[in-house]
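Structure first, then comments.
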Amino acid sequence: MKKIALLVVAAGILVFNSCKKEGCTDPEALNYSDKAKTDNGTCQYEEVQETGKVTLMLAHYWVNETMDFSLNMQYVHPETGDSLTFTTFKYFVSNIKLKKEDGTWWTQPESYYLVNLDEAEGAQLVLSGVPVGNYTGISYVMGVDSTRNVSGAQTGALSTTSGMFWSWNTGYIMVKAEGTSPQAGMGGAFTYHLGGFSGNNNIVTTKTAAFGTESLNVTTTSTGMIHLGVDPSRLFTTTGSVSNVGMVHMPGQNAVTMATDFYNSGVSFKYIHN
Amino acid sequence: MRFIIILCLLQVLTACKKTLITPVLPLLSFYQPVDFPEPVYPLAQNPVTREKFELGRLLFYSPVLSLDNTISCATCHAQTHLFADHNVAVSSGVGGLTGTRNAPPVFNMAWQPHFMWDGGVNHLEMFSIAPITNPVEMNETMLNVINKLNASDYWKKQFKAAFGTDQITDQQLFRALTQYMLMIVSDGSHYDKVKRGQASFTADQQAGYNLFLQKCASCHKEPLFTDYSFRNNGLDEISADDGRYLITQLESDKGRFKVPTLRNVLLTYPYMHDGRFFTIDQVLEHYSSGVKSHTNLDPSLQNGIPLTADEKKYLKRFLETLNDYELMSKMELSEP
């Protein structure tokens, strides 16, 4: 056993030992070589593209754009008559793309955001590294694409520390809406944990919008904004009163109905602002 | 031998002066038994290294992942019991609370496509969150665990050695635990040696093996001794635990459970998802005369699997050959 171990060490040393290790040692370079130890000045770089920032502003309102929506305030639902006070409202927005004037798309890398109404800055998604140019539209995904639900441990907005994850039935909770209502059974509480990414249970929804006549001009110093409106009252469009459906805590028909109602009619493009 | 060592030393001395070699721990890589299929786990996204494996091992044996620092993964998955619980039907977690399912042995996880008796977890990396946050197991939150680890100089040092970063993330925690589990491979049983031509079966064992291939292997498929499908093997007319249905909500999945591996089966009693049978004799008797009708009963079990006393004996002799005592005593996997 000891002999084998020594042989392994010996083999390891032999591998480390070869000395001809010249090449490009800059990991940022196109021809970076992880074997090279000494830089021989052959590094080649991608042409630097000028980029700027765009902010995606999410304005939350209740039914009518003139009524701001926030946590811990009581609202009446116009169709069901329920009085609703939300204590939690969080959801994922992902896979943001911007459409260039020439019809091609810029795709944001690692594009995952958790919007959390508990946090003031939660409703402003800053996209950086957007190539300078004119943009005419946006595409984004409400929820988390199926790939990220089946590929193991993630980081950033997709970290499980946010609690937006089902441990016993792997997958992201894509919308979490909790609160109280005198109309709700179960001690006057409502809890909606909406998710599901496969088959009939899939709630993930891609949304696109054209900006209209004006286009978004991104320069290295511009502060352009894309405004979206978000109306939580649309969760109840089909399921109706909290007394019908007061709790959803797994993928399935209720999750699909509530989430797609919210995504389709509660989230919409409003305007851009250069 | 000495000659080789001297040669190596010479090599070191003559090597690039910039390459400083500090051989701390022997290298480690994933171990693929020749007669196993390709692993299901995507090794490329988390290549096994000595440092990450050792971190995973520390974590597996550490109670830091539980609310009151009393329970570790190894509490319910002990090497002495082939990484199953200590021959109890259901496990006890924080505060002595018990769950409803039998803890399966955690080996050969690299080949498993889904986890838990109902297959609810789709990726080995995402497994650990389940026991950590389960109120009757470790009863923690992921946020709290990550904060606890980040507040500890000891753990920061361990994670830095493995991942090279100062901030501990849940992804690192999950991947380190995964590496430890990936290295728990059971392929050292007598059966494996027979398959590799290094040993042979006795006449009884061979008779048992033939019976096994005829009557059991359609579900408990070689070489992992499961095909990972979800089936109902007739335990109850009405299942107390809905099994696979809890995940899919399909009526046709009610009362179905993942076919468990039979490697080390004689060492990991009690049996079935709820640990209802304490002896292998009870299990064989179940297949022979106790299969109950259920709408989702597997078609191949409609008439049970009638077994004579001799057949039961031979099957047992064969199942014994699946015991892997090498794994049970593998130092590399023991409590650090």
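Just so we're on the same page: letters track the sequence lines, and every chain starts at 1.
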Residues in residues 240-257 of chain B that sit under 4.5 Å from chain A, counting heavy atoms only: L246(B), I247(B), Q249(B)
How about K207(A): does its NZ atom have over 12 heavy atoms from other parts shown lying under 6.0 Å from it? yes
What distance separates S159(A) OG from Q171(B) CD, expressed to the nearest 0.5 Å? 9.0 Å
Against chain A, label Q172(B) side chain, backbone, both or neither, depending on which of its atoms sit under 4.5 Å from a heavy atom there. neither
Taking the side chain as every heavy atom from C-beta outward, state whether F165(A) and I129(B) have any atom pair closer than 4.5 Å. yes
Rounded to the nearest 0.5 angstrom, the CE-CD distance for M126(B) and Q154(A) is 7.5 Å
Heavy atom to heavy atom, less than 4.5 Å: which residues from residues 139-150 of chain B reach chain A? M142(B), L143(B), I146(B)
Would you give the length of the straight line joining atom CD of E137(B) to atom OG of S167(A), rounded to the nearest 0.5 angstrom? 9.5 Å
Is the CD atom of E28(A) crowded by more than 12 outside heavy atoms at less than 6.0 Å? no
Within this structure, what is the CG-CG distance for the pair N122(B) and N169(A), rounded to the nearest 0.5 Å? 8.5 Å
If you count every heavy atom of other residues, nucleotides or ligands that lies below 6.0 Å from N72(A) atom CG, does the total exceed 12? yes
Against chain B, label N149(A) side chain, backbone, both or neither, depending on which of its atoms sit under 4.5 Å from a heavy atom there. backbone
Determine whether the side chains of T160(A) and D170(B) contain a donor N or O and an acceptor N or O closer than 3.5 Å. yes
